[in-house]
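Notes for the one structure printed next.
Remember, predicted model here, so these are calculated numbers, not experimental data.
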Amino acid sequence: MSKQRVMMSNQASKKKATLNAKGIEVSVARGEERYHLLVDSVKEYAMMLLDANGRVIEWNSGGTNLLGYTEEEIVGKNFSRFFTLEDRKLGKPKIELQMALEKGRADDENWLVRKDKSRFWASGLSMPLRDKANNFLGFVKIVRDLTDRKELDQHREDFISLASHELRTPLTSIKGYVQLLQKHLVRSDDSKALNIVSKLEEQVNRQESMIRELLDVAKLQATATSHEGTIIEVDPLVRDSVEELQTHMTTHKLIVKGSSGKKIVGDDQQIRQVMVNLLTNAVKYSPDANEVIIHLAVTGKDVTVSVQDFGVGIPKKYQGRIFDRFVRADNVTKKSIAGYGLGLYIASEIVKHHNGTIKVKSTVGKGATFSFSIPFVENES
């Protein structure tokens, strides 16, 4: 091949490479344009990109529709301005981004504030944004207006609450009459009738327990999503809950081990309810044991509380569904241990509303350990 032909071939190759590069650039540019058009066409969701500190760097038209800010007004501002003043004081925007970074995503439902200061109930999803080399670039946040659904849920929960109260009132009267009848039968020494009335009282107590749990569910769904939250010292709360319950429990010794020294943001009474539900379950499902162990620890950015019993345990096939409503393992129903499958559901929902997780480890015949973890407050004072 002549020198001239080689030079022409090299020039052609360079020209072809240049054309390909331009073609790729045009293709990428068009792809990015289509992506931005797609995102901007979503009107029902606010979709935004945040930098590592939570400042808005990109904003779609859905954000303008939902939150009232134009792109020019919001870019460069921190996304914390969408949160209520109460949530900002509790550091919830920072906690949300920390959780997204550590766990890969952070889901929440809470009140958000528009530009005109009006509030709306929203669901939010925050996720870390990374490049192909896994370098952290910032966050993606998506917000959806759930005000209509919240109002519908509120009507439903109001009905459940009202119905439960209406059931509880006559049941209280029935229980009173049963107790009077028991006293009369004790005096008359009618053991056969007394046995029948004792079984009646047992059924009334079971019905009362079910209504109480239904009320707890209604109260939880009506208030857990709207409480402002306070700073809670975890260790004293756990120890107080254990001490209070120990006064009513004579069959088992409740033993607290470890400590966390941490604080969380949440509802004090609801966390206490989680403790009560887990501890009463531990005692109920370990009738042949005499102790329950409560562990306090720090795991990563969370406070973890574990309740360990030495009872009947949970079959593996139920462990993935044990926190669902009305689910009970067949080994406890066969043993005729009373319950409606609401206690663990209530505990699970409370933990979820505190941005936490709950799990179980169990071996049939050896017991179960229920653990819940909630993010602690950074730099608490």
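- In the displayed structure, Lys359 atom NZ is contacted under 6.0 Å by at most 12 heavy atoms of other residues, nucleotides or ligands.
- Other residues, nucleotides and ligands place no more than 12 heavy atoms under 6.0 Å from the OH atom of Tyr177.
- Minimum interatomic distance between Pro128 and Ala100 (heavy atoms only, all atoms of both residues): CD-O, 3.3 Å.
- Nearest heavy atom pair, residue Gln246 against residue His252, reads NE2-O, 3.0 Å.
- A continuous path of hydrophobic side-chain contacts links Ile174 to Val197 [ILVMFWY only; heavy atoms under 4.5 Å].
- Taken together through direct or relayed side-chain contacts under 4.5 Å among Ile, Leu, Val, Met, Phe, Trp and Tyr, Phe82 and Met127 form parts of separate hydrophobic clusters.
- Between Val298 and Thr304 the shortest side-chain heavy-atom distance does not fall below 4.5 Å.
- Judged by distance alone, the side chain of Ser348 and the main-chain N or O of Leu344 form no donor-acceptor pair under 3.5 Å.
- Within a 6.0 Å sphere centred on NZ of Lys77, other residues, nucleotides and ligands contribute more than 12 heavy atoms.
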### Query
Does the pair Phe83 and Glu96 meet the rule for a side chain to side chain contact (heavy atoms under 4.5 Å, CB included), with working shown?
CA-CA 11 Å; Phe83 287 71; Glu96 180 178 312; 3.3 Å; yes
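- A donor-acceptor pair under 3.5 Å is formed between the side chain of Asp309 and the backbone N or O of Ala368.
- Annotation: Glu102, atom CD; neighbour count of heavy atoms from other residues, nucleotides and ligands within 6.0 Å is above 12.
- A 4.5 Å side-chain heavy-atom check between Met275 and Val305 finds at least one atom pair inside the cut-off.
- Counting only distance, with no hydrogens or angles, the side chain of Glu73 and the backbone of Thr70 share a donor-acceptor pair below 3.5 Å.
- Between Leu278 and the options Val274, Asn281, Thr280, a side chain to side chain contact (heavy atoms under 4.5 Å, CB included) holds for only Val274.
- Clustering ILVMFWY residues whenever any of their side-chain heavy atoms sit less than 4.5 angstrom apart, transitively, puts Trp59 in a cluster other than the one holding Val113.
- No more than 12 heavy atoms of other residues, nucleotides or ligands shown are found within 6.0 angstrom of CZ on Arg144.
- Under the 4.5 Å side-chain heavy-atom criterion for ILVMFWY residues, a single connected hydrophobic cluster contains both Leu112 and Leu97.
- Ion pairing between a basic and an acidic side chain is recognised when a charged N comes within 4.0 Å of a carboxylate O; Asp190 and Lys192 show no such pairing.
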#### Entry: Check against side chain to side chain contact (heavy atoms under 4.5 Å, CB included), Asp87 and Trp111
CA-CA 9 Å; Asp87 284 351; Trp111 291 107; 5.7 Å; no
